[in-house]
Structure formats: structure tokens, C-alpha cells
Amino acid sequence: MDTTHLLVTDLEVDTALAEPSVPLAIRTVWQLLRESDVRLSEAVALDVPDVELTDRVVVLRETKEGGVFEADVTSATATQLDELIGTRQSGPVFTIGGRRLRADEVAATFRKVTGKSVHALCFTRQVRSHRETDRPTLVERAAPGQGSTKPA
């Protein structure tokens, strides 16, 4: 089954993340989805105490599996989260007009900017991760016309 229509290119994502008309809160959710195993519903449910900037971790409390999990974030995302949170000690991380950002707003804006589903961010990350773990190492790769170079 061809799933290429479900993928989003780096250029499409980078262009969307740089779109100045899109609020930082929405762009930061996109970045979080792009780089981690965080689901959209988990991202928008994050509260300020769930973000540990010094450790570059977000703590997921409202997960599909029902447990508490941590997800690492990049320094770029940590910087964006720091900007969004500012001096606040409580409340939702992602807000628009003083209210919690909704998942449908994040998804609709991504579709408007890219023409693709926001879930393409997660799907693309999963496909890339799968490809990276399935790649043979240099030792296992055979030169053209030769057998495996893997030591016996």
C-alpha cells in the first residue's frame, strides 16, 4: 500500500514552522510532534509544571496508555517552550487568547499551511525511525558484486 501521501517533507515542515502568521504556540506543538513520540492530544494537555526546561523533558500525564511518561525535547523546542511559559508557574503551556489551545485548531492550521494532516508529522517520524533501525551497518553492507563483509 502506498503511504507516501501521508508523509511530510522536511521542507514542508520547515516552511510551516517558519510561517510568521502562525502563533508560536501552534508552531511549537508542531515541532514537538515532529521530534518526539508525543501525541497531539497529549501536547495540548500539557500544563506548565509538566515542562522541565533544565532537563529538556515534558512529562505526559494524560496519555492513551494511562501512565505517566517523559519525552525528551530538543534545545530549540525547549527555547520555544521557555518563551511560551515565561514566568508563569501554572496553567496550560499552549494558549491562544488566554485559553488552552485545542487539538482541532492545531490540526486545522497545519492543514491550511501545508495541505496535509498534522498526523503526517508523527507518521513521517515513525517511518524515518523505522528505516533508521532497519538499515544495515557499514560492516553488514556488501560491496556491489560481493558477499557480506560482516565478520564471521
Side-chain angles (χ1 to χ4, degrees), residues 2-141:
D2 181 27
T3 58
T4 54
H5 67 284
L6 299 174
L7 300 175
V8 63
T9 67
D10 287 339
L11 179 59
E12 289 172 313
V13 178
D14 291 343
T15 301
L17 291 172
E19 177 54 52
S21 67
V22 176
L24 179 62
I26 292 175
R27 288 184 283 131
T28 305
V29 172
W30 295 345
Q31 181 66 27
L32 191 57
L33 297 176
R34 176 191 206 185
E35 72 185 28
S36 69
D37 288 331
V38 176
R39 293 180 178 95
L40 178 55
S41 60
E42 296 166 344
V44 296
L46 286 171
D47 287 320
V48 172
D50 299 328
V51 178
E52 300 174 7
L53 292 171
T54 54
D55 295 329
R56 292 194 341 224
V57 168
V58 293
V59 179
L60 308 171
R61 300 183 193 287
E62 298 180 26
T63 65
K64 185 175 180 180
E65 293 83 13
V68 175
F69 300 94
E70 290 183 349
D72 295 328
V73 298
T74 63
S75 59
T77 301
T79 299
Q80 290 175 320
L81 289 167
D82 187 38
E83 185 177 337
L84 288 170
I85 293 169
T87 59
R88 294 184 295 136
Q89 298 295 311
S90 63
V93 171
F94 302 107
T95 61
I96 298 283
R99 62 166 176 77
R100 185 180 297 271
L101 182 62
R102 296 186 326 264
D104 63 325
E105 293 173 292
V106 174
T109 307
F110 193 78
R111 184 169 299 280
K112 181 180 176 186
V113 171
T114 66
K116 297 192 176 182
S117 167
V118 72
H119 299 294
L121 291 167
C122 301
F123 186 72
T124 301
R125 180 186 32 75
Q126 290 169 348
V127 167
R128 285 186 180 154
S129 176
H130 179 71
R131 286 179 185 158
E132 289 171 5
T133 58
D134 284 349
R135 279 191 195 152
T137 64
L138 286 175
V139 176
E140 295 170 333
R141 292 182 189 157

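How far OG1 of T63 is from CD of E42: 6.0 Å, rounded to the nearest 0.5 Å. Annotation: the span from E19 atom CD to K112 atom NZ amounts to 9.0 Å, rounded to 0.5 Å. Of the inter-residue distances, the one linking W30 atom CH2 with T114 atom OG1 reads 7.0 Å to the nearest 0.5 angstrom. Remark: L32 CG to F94 CZ distance equals 5.5 Å, nearest 0.5 Å.
Although no hydrogens or angles enter the test, the distance criterion places a donor-acceptor pair under 3.5 Å between the side chain of R27 and the main chain of V22. Side chain of R100 to main chain of I96: no donor-acceptor pair is present (N/O by atom type, distance under 3.5 Å, no hydrogens or angles). In this structure a side-chain-to-backbone donor-acceptor pair under 3.5 Å is missing from D55 to E52. Judged by distance alone, the side chain of T95 and the main-chain N or O of G98 form no donor-acceptor pair under 3.5 Å.
Contact check for V48 versus S90: no side-chain heavy atoms found under the 4.5 Å cut-off. At least one side-chain heavy atom of L24 sits less than 4.5 Å from a side-chain heavy atom of Q80. At a threshold of 4.5 Å between non-hydrogen side-chain atoms, the residues V51 and L53 count as touching. Taking the side chain as every heavy atom from C-beta outward, V29 and V118 never approach each other to under 4.5 Å. A heavy-atom distance below 4.5 Å is not found between the side chains of F110 and L33.
Between D82 and R56 no salt bridge is recorded (no basic side-chain N to carboxylate O distance below 4.0 Å). Between E105 and R99, at least one side-chain nitrogen of the basic residue sits less than 4.0 Å from a carboxylate oxygen of the acidic one, meeting the salt-bridge criterion.
Neither side chain, T28 nor Q31, offers a donor N or O lying under 3.5 Å from an acceptor on the other.
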Pair L101-V106, side chain to side chain contact (heavy atoms under 4.5 Å, CB included): steps then yes or no: CA-CA 8 Å; L101 182 62; V106 174; 3.5 Å; yes
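Checked against salt bridge (charged side-chain N to carboxylate O under 4.0 Å, His left out), R111 has no partners two or more places apart in sequence or in another chain.
What you find for V38 and A43 is that their closest heavy atoms are CG1-N, 3.7 Å. The two atoms that bring L46 and V59 nearest to each other are CD2-O, 3.4 Å, heavy atoms only.
Results of the side-chain contact (heavy atoms from CB on, under 4.5 Å) test with T15 over L11, V13, L17 single out L11 as the only residue that passes.
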Using atom types as modelled, flag every donor-acceptor pair under 3.5 Å from a side chain in residues 67-75 to any protein atom, sequence neighbours excluded.
| from | atom 1 | to | atom 2 | distance (Å) |
| --- | --- | --- | --- | --- |
| T74 | OG1 | E35 | OE1 | 2.9 |
| T74 | OG1 | T77 | N | 3.2 |
| T74 | OG1 | T77 | OG1 | 3.2 |

